[in-house]
Amino acid sequence: MTDSPLKKISEAEYLRTEEASPFKREYVDGFVYALHSQDGLTAQAGATSNHGLICTNLIAALHRPARQRGCQVYASDMRVRGDLSGTRYYYPDIVLTCEDLPGDARYAQAPCLIAEVLSRSTQDTDRREKVWAYQSLSSLQGYLLVDTAARAARLYRREAEGWREEYAEGGGQVTLPCVDLPLSLDEIYDGVRL
């Protein structure tokens with residue numbers, strides 16, 4: 001008999017079992033969700049080459065400006081923990097944080113910038129649930145969504161009066177908060193075939 005997918009587990013149980021899990025799992029208010037590949041059958045089977053190149057381009061662009069400000073950029077293995085009417089752990093594609101994390105940290109709690117590179121299997125969650133969840137993090141200054149099907153990016157930027165949405169396509173650019181980095185879509189999509 002297998003465990004019911006409707007059974008809740010504690011945060012401590014999730015953290016304990018995540019280390020031994022053969023694939024990444026996100027935690028939302030007591031429920032665990034395996035991250036799936038595009039075919040929906042195998043967890044974390046790998047991203048497309050476009051997805052990988054976009055992530056690499058973003059990390060390369062963010063690395064030096066982040067380090068100059070005493071911050072770090074992490075790829076898809078650093079979870080983000082948030083408390084919004086329940087505890088959540090997500091695996092963003094890119095996390096920029098200025099918090100002082102120990103060398104064995106497995107999650108960040110105060111990210112400054114989060115980027116998600118959209119894929120068919122995750123784009124709905126990235127554009128709806130995660131926008132709401134990430135914007136509830138008081139430390140977050142920007143949430144960047146980058147398309148893999150077209151040259152387009154959407155940036156949600158925190159301002160004094162609330163969140164403002166910026167959209168760039170084709171040859172446009174976005175200025176990433178925390179590091180005040182103007183980044184053109186040409187840089188984001190360098191080497192990407194679209």
Side-chain angles (χ1 to χ4, degrees), residues 1-48 51-52 54-56 58-59 62-63 66 70-146 148 156 158 163 178:
M1 178 183 258
T2 61
D3 287 338
S4 167
L6 300 178
K7 180 182 174 190
K8 282 187 161 188
I9 66 170
S10 70
E11 178 182 3
E13 178 73 4
Y14 164 73
L15 292 172
R16 186 183 63 74
T17 60
E18 183 65 5
E19 288 185 36
S21 177
F23 47 85
K24 295 177 189 174
R25 302 170 308 151
E26 294 183 328
Y27 180 85
V28 179
D29 304 331
F31 294 100
V32 176
Y33 300 93
L35 297 179
H36 294 283
S37 68
Q38 290 183 4
D39 65 10
L41 301 174
T42 55
Q44 287 304 102
T48 65
H51 187 282
I54 292 167
C55 287
T56 299
L58 287 169
I59 290 169
L62 286 167
H63 177 73
C71 305
Q72 293 286 353
V73 179
Y74 296 96
S76 62
D77 289 331
M78 178 60 74
R79 283 175 287 183
V80 168
R81 182 184 190 276
D83 290 313
L84 176 67
S85 67
T87 302
R88 295 168 185 239
Y89 287 88
Y90 292 116
Y91 281 99
D93 288 316
I94 297 168
V95 177
L96 187 154
T97 186
C98 300
E99 62 192 297
D100 186 19
L101 294 176
D104 63 349
R106 296 192 182 268
Y107 60 88
Q109 295 189 88
C112 186
L113 174 70
I114 291 175
E116 294 281 12
V117 178
L118 302 177
S119 64
R120 286 190 317 220
S121 63
T122 64
Q123 66 184 348
D124 290 339
T125 302
D126 293 340
R127 293 186 306 187
R128 288 192 306 248
E129 174 186 320
K130 288 185 180 180
V131 170
W132 176 70
Y134 291 154
Q135 287 179 348
S136 73
L137 298 167
S138 62
S139 63
L140 195 72
Q141 298 302 306
Y143 177 42
L144 178 67
L145 295 169
V146 180
T148 54
Y156 297 91
R158 186 186 302 267
W163 287 91
C178 306

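In this text the structure is predicted, and so the values were computed from the model without any measurement.
Side-chain contact between Q141 and L96 is absent, with no heavy atoms from C-beta onward closer than 4.5 Å. The side-chain heavy atoms of Y33 and R25, taken from C-beta on, include no pair separated by under 4.5 Å. Between W163 and R158 the shortest side-chain heavy-atom distance falls below 4.5 Å. By the 4.5 Å heavy-atom criterion applied to side chains, E11 and R81 are counted as neighbours. Side-chain contact between K130 and I114 is absent, with no heavy-atom pair separated by less than 4.5 Å. L101 is listed as a side-chain neighbour of M78, based on a closest heavy-atom distance under 4.5 Å. With contacts defined as side-chain heavy-atom distances shorter than 4.5 Å, the pair L144/L58 qualifies. Within the 4.5 Å cutoff, side-chain heavy atoms of S76 are placed close to those of K24.
Between the side chain of E99 and the backbone N or O of A108 there is no donor-acceptor pair closer than 3.5 Å. Proximity of a side-chain donor or acceptor of Y27 to a complementary backbone N or O of I9 within less than 3.5 Å is detected.
Exactly one residue among C98, C178, C112 makes a disulfide bond (SG atoms under 2.5 Å apart) with C71. That residue is C98.
To the nearest 0.5 Å, atom CD of residue Q109 and atom CG of residue D83 are 7.5 Å apart. Remark: Y91 OH to E116 CD distance equals 13.0 Å, nearest 0.5 Å. To the nearest 0.5 Å, the span separating CD1 on I94 from CD1 on I59 amounts to 4.5 Å.
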Worked check of side-chain contact (heavy atoms from CB on, under 4.5 Å) between Y89 and E18: CA-CA 11 Å; Y89 287 88; E18 183 65 5; over 6 Å; no

- request: Carefully, step by step, assess D93 and H51 under the rule side-chain contact (heavy atoms from CB on, under 4.5 Å).
  value: CA-CA 10 Å; D93 288 316; H51 187 282; 3.4 Å; yes

- prompt: Stepwise, does the side-chain contact (heavy atoms from CB on, under 4.5 Å) test hold for R79 with Y90?
  reply: CA-CA 5 Å; R79 283 175 287 183; Y90 292 116; over 6 Å; no

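Salt-bridge annotation for R106 and E19: present, with a side-chain N of the basic residue lying under 4.0 Å from a carboxylate O of the acidic one.
Smallest separation of non-hydrogen atoms from P92 and V80: CG-CG2, 3.6 Å. Between L118 and T148, the shortest heavy-atom contact is O-OG1, 2.8 Å. S139 approaches P111 most closely through the heavy-atom pair OG-O, 2.7 Å.
Note on ring orientation: taking the six-membered ring where Trp is involved, the planes of Y143 and Y156 are parallel (angle under 30°, cut-offs 30° and 60°).
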